[in-house]
Trainee: 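Right, I'll just put the structure down here and ask away after.
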Amino acid sequence: LPQLGPIPDAIPAGIAALALCNGAYLSEIFRASLLAVDPGQWEAAEALGMGRLATFWHVILPQATKIALAPTWGMFISLLKDSSLISVMGLWEVMFLAQSYGRSSYRYIEFLLTAAVIYWVLSVVLELIQVVLERRFK
């Protein structure tokens, strides 16, 4: 966009970049999970006299949610890790702060290791939430 004239602020540009990239992957995950539900489920619900909306809401969607749970949380964990890429645009996030403080005090290793531990802890927390949700949906 800067080559065409408008120069967006860093925060909206970072949010838009991450949202567009991960949104495309998430939409594919949901599409695939809906298609993974056996077509016989539609037929069985129709045989029971359920309408299309009721069938989708009460039969198809719960099964598709169970299928999509693991890859969706994998994308959220990936999004957390990809957030370090927006430090290139000058946003104040963990990697940007670690690089800035490391540069000012010549203690790169300590600050970058701290940033790595923060990302690791956040990833582990998201993975634990994923495990709890997967157990609940089973």
Side-chain angles (χ1 to χ4, degrees):
L1 284 177
Q3 293 175 353
L4 299 175
I7 300 174
D9 290 334
I11 292 176
I15 291 171
L18 291 175
L20 288 173
C21 180
N22 287 304
Y25 286 116
L26 283 174
S27 65
E28 182 61 25
I29 288 170
F30 292 134
R31 184 195 67 79
S33 67
L34 286 171
L35 292 177
V37 176
D38 186 18
Q41 298 293 320
W42 285 100
E43 297 167 2
E46 184 180 337
L48 292 173
M50 295 178 74
R52 291 193 60 80
L53 183 62
T55 300
F56 180 76
W57 190 256
H58 296 292
V59 178
I60 304 300
L61 194 59
Q63 295 178 50
T65 303
K66 183 179 175 183
I67 294 169
L69 191 63
T72 300
W73 276 93
M75 282 301 303
F76 285 139
I77 294 169
S78 174
L79 177 64
L80 170 73
K81 294 173 185 175
D82 289 346
S83 69
S84 66
L85 297 175
I86 61 174
S87 66
V88 173
M89 299 179 348
L91 287 179
W92 288 76
E93 58 83 50
V94 176
M95 282 304 290
F96 182 78
L97 292 174
Q99 291 171 353
S100 298
Y101 290 138
R103 198 175 302 122
S104 66
S105 65
Y106 299 106
R107 298 172 73 185
Y108 286 102
I109 297 298
E110 291 91 344
F111 285 108
L112 292 176
L113 279 175
T114 303
V117 168
I118 289 170
Y119 278 116
W120 180 73
V121 167
L122 291 173
S123 295
V124 168
V125 168
L126 287 176
E127 288 173 12
L128 291 175
I129 292 171
Q130 176 183 353
V131 167
V132 169
L133 286 174
E134 285 179 352
R135 284 185 186 157
R136 184 169 183 260
F137 276 91
K138 284 186 180 183

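Below, all heavy atoms of this structure are taken into account, side chains as well, without hydrogens, waters or symmetry copies.
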Trainee: State the CZ-CG distance between Phe76 and Leu126, to the nearest 0.5 angstrom.
Mentor: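 Going from CZ on Phe76 over to CG on Leu126, the span is 9.0 Å.
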Trainee: To the closest 0.5 Å, what do you measure between OG1 (Thr72) and OH (Tyr25)?
Mentor: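 With rounding to 0.5 Å, OG1 (Thr72) is 14.5 Å from OH (Tyr25).
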Trainee: Hey, quick one: are Ile129 and Ile118 part of the same hydrophobic cluster, counting side-chain heavy atoms closer than 4.5 Å, chains of contacts allowed?
Mentor: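 As far as the 4.5 Å side-chain criterion goes, Ile118 and Ile129 are connected within one cluster.
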Trainee: Same cluster or not: Val131 versus Phe137, using hydrophobic residues (I, L, V, M, F, W, Y) connected whenever any side-chain heavy atoms lie under 4.5 Å apart?
Mentor: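 In one cluster with Val131: Phe137, no.
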Trainee: What are the two closest heavy atoms between Phe56 and Pro62, and how far apart are they?
Mentor: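 Here Phe56 and Pro62 meet closest at O-CD, 4.4 Å.
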Trainee: Which atom names give the shortest non-hydrogen contact between Ser123 and Lys81, and what distance separates them?
Mentor: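 Closest pair (atom of Ser123, atom of Lys81, distance): OG-CE, 3.6 Å.
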Trainee: Using 0.5 Å steps for rounding, measure from the CD atom of Gln63 to the CD atom of Gln41.
Mentor: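 Between Gln63 CD and Gln41 CD, I get 4.0 Å after rounding to 0.5 Å.
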Trainee: Tell me the closest heavy-atom pair linking Gly74 and Gln130, and the distance in Å.
Mentor: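 Closest approach of Gly74 to Gln130: N-OE1, 4.4 Å.
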Trainee: Tell me if the CD1 atom of Ile109 is crowded by more than 12 foreign heavy atoms within 6.0 Å.
Mentor: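 No, CD1 of Ile109 has 12 or fewer neighbouring heavy atoms, counting only those of other groups under 6.0 Å.
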Trainee: Nearest 0.5 Å, what's the CD1-CD1 distance between Ile67 and Ile29?
Mentor: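 Reported value, rounded in 0.5 Å steps: 12.5 Å.
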Trainee: Do the side chains of Val125 and Ile77 join up, straight or via other hydrophobic residues, at under 4.5 Å, putting them in one cluster?
Mentor: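 Yes.
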Trainee: Working to the nearest 0.5 Å, report the span between CG of Leu80 and CG of Leu122.
Mentor: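 Between atom CG of Leu80 and atom CG of Leu122 there are 5.5 Å.
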Trainee: Please indicate whether Glu28 has more than 12 foreign heavy atoms, meaning atoms of other residues, nucleotides or ligands, lying under 6.0 Å from its CD.
Mentor: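 Result for CD/Glu28: enclosed.
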Trainee: If hydrophobic clusters are built by linking Ile, Leu, Val, Met, Phe, Trp and Tyr wherever their side-chain heavy atoms come under 4.5 Å apart, do Val59 and Leu61 end up in the same one?
Mentor: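 Shared cluster, yes.
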Trainee: Flag yes if Met50 and Ile60 sit in one hydrophobic cluster, no otherwise; membership is Ile, Leu, Val, Met, Phe, Trp, Tyr, and two members link when side-chain heavy atoms are under 4.5 Å apart.
Mentor: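 Result: yes, single cluster for both.
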Trainee: To the closest 0.5 Å, what do you measure between CZ (Arg52) and CH2 (Trp42)?
Mentor: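 The distance works out to 5.0 Å.
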